[in-house]
Amino acid sequence: MQCWSSTPNEWARVETNVAPEIERALVARCAAGDELALGQLYDRFGRQAYALARRVTRDDGLAADVVQEAFLAAWRNAVTYDADRGKVATWLLTLVHRRAVDTVRRSASRPGVTPRGMDALPEPAAEFDVPDHVVGRDEAARVRVALATLPEAQRTVLELAYLDGLTQSEIAEHLGEPLGTVKSRTHVGLQRLRDILEGLAQ
Amino acid sequence: VNAGIPEHVAALLSAHALGALEPDEIDEAERLIESSDELRRHFETALETAAAIALATADVAPPPELRERILDAARRARDEH
């Protein structure tokens with residue numbers, strides 16, 4: 001591993017060309033019980049995982065518990081990871097997201113269909129503010145641009161679903177819109193987000 | 001891309017990828033994903049796009065002790081077997 005870290009240029013090459021291979025190899029080593037590999041997966045994705053868990057749960061302590069549960073699930077189930085079915089990043093962040101949403105839905109403080117702290121939601125500019133030093137910042141910047149490019153109504157349902165953990169029925173009630181409208185807006189919004197991201201990646 | 005997938009099914013899988021379904025709908029979505037490679041691929045693509053949203057959340061450093069907490073728990077889990 002240390003040979004890759006000798007110069008920034010080599011790191012850049014690793015990031016763009018063989019990062020997915022390294023990530024898959026780390027998961028394979030986890031499946032073999034190698035805790036150093038789990039540490040390296042955490043070093044790579046722990047920050048993103050925590051940011052997501054914290055955004056969904058809006059609680060530092062719950063977010064840390066969610067990230068721990070998700071990495072333990074990854075450790076226990078590493079042998080079931082199938083690279084043909086998706087990137088390591090998607091696999092790990094999905095483990096984090098499911099647990100974060102479950103935590104929010106179990107929470108006694110969940111006030112019916114109103115997302116907690118909606119009034120306190122930061123403006124989009126602050127919400128998606130990512131400092132320069134973060135690994136994967138280029139991708140984060142792309143996603144931020146893509147979300148800003150979406151029609152506001154579509155961006156809103158995607159954020160209420162993925163980041164606030166609301167179901168489509170809850171979103172419909174919260175927005176006072178018909179459920180069918182929310183369903184189609186969610187679907188069209190996610191597809192458009194994918195198209196925009198693909199366009200930006202080229 | 002999804003020429004063969006009915007719109008309401010594609011929409012159900014998109015919502016599942018975002019974690020926005022009710023429990024009974026989750027069961028239906030899981031059955032569909034298991035039933036067809038085409039539906040499974042559609043879901044995996046939706047999941048990747050949904051996970052991208054996570055990358056745009058405000059960056060915050062996790063508590064420093066979390067790394068060791070996770071590694072401790074992993075060692076215990078491994079040594080139980």
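Computed from a predicted structure; not experimentally measured. Side chains are part of it too, since the values below use all heavy atoms of this structure and drop only hydrogens, waters and symmetry mates. Each chain gets a letter, A, B and so on, in the order the sequences are listed, and its residues count up from 1.
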Side chain proximity check, Leu66(B) to Tyr42(A), heavy atoms < 4.5 angstrom: yes

Heavy-atom neighbours of Glu152(A) CD exceed 12 at 6.0 Å: no

Thr167(A) vs Leu21(B) side-chain heavy atoms within contact, under 4.5 Å: no

Closest heavy-atom pair and its distance - Ala64(A), Pro63(B): CB-CG, 4.2 Å

Residue among Ser14(B), Ala51(B), Ala20(B), Ala15(B) with most heavy-atom pairs under 4.5 Å to chain A: Ala20(B)

Straight-line distance of Arg54(A) CZ to Asp59(B) CG, nearest 0.5 Å: 10.0 Å

OG1-CG distance between Thr94(A) and Leu47(B), expressed to the nearest 0.5 angstrom: 3.5 Å

Among the listed options Gly19(B), Ala17(B), Ala50(B), Ala52(B), the residue most often paired with chain A at heavy-atom distances under 4.5 Å: Ala50(B)

Rounded distance (nearest 0.5 Å) linking atom CD of Glu7(B) with atom NZ of Lys183(A): 13.0 Å

Region of Asp195(A) that comes under 4.5 Å of a non-hydrogen atom in chain B: neither

Residue part contacting chain A, namely of Glu65(B), when any heavy atom lies under 4.5 Å: neither

Leading residue by heavy atom contact count with chain B [cutoff under 4.5 Å; candidates Leu72(A), Leu93(A), Thr186(A), Val101(A)]: Leu72(A)

Least distance between heavy atoms, Trp75(A) atom then Ala74(B) atom: NE1-O, 3.0 Å

Close side-chain approach of Arg85(A) and Arg40(B), heavy atoms under 4.5 Å: yes

side-chain contact (heavy atoms from CB on, under 4.5 Å) partner of Arg67(B), chosen from Val67(A), Leu38(A), Asp43(A): Asp43(A)

Sidechain-backbone polar pair: Arg69(B) side chain, Gln68(A) backbone, donor-acceptor under 3.5 Å: no

Side-chain touch Leu193(A)/Ile53(B), heavy atoms, less than 4.5 angstrom: yes

Side chain, backbone, both or neither of Asp60(A) within contact of chain B (heavy atoms, under 4.5 Å): neither

From Glu198(A) atom CD to Thr45(B) atom OG1, the distance as rounded to the nearest 0.5 Å: 8.5 Å

Pairwise distance CD(Glu22(B)) to CD(Glu170(A)) - rounded to 0.5 angstrom: 6.5 Å

Least distance between heavy atoms, Val60(B) atom then Ala51(A) atom: N-CB, 4.3 Å

Between Val143(A), Leu52(A), Leu190(A), the one whose heavy-atom pairs under 4.5 Å with chain B are most numerous: Leu190(A)

Distance, nearest 0.5 Å, that separates OH of Tyr50(A) from OG1 of Thr57(B): 11.5 Å

Side-chain touch Val157(A)/Leu18(B), heavy atoms, less than 4.5 angstrom: no

Heavy-atom check, side chain of Glu48(B) versus side chain of Arg194(A), under 4.5 Å: no

Flag, side chain of Arg78(B) to backbone of Gly33(A), donor-acceptor distance under 3.5 Å: yes

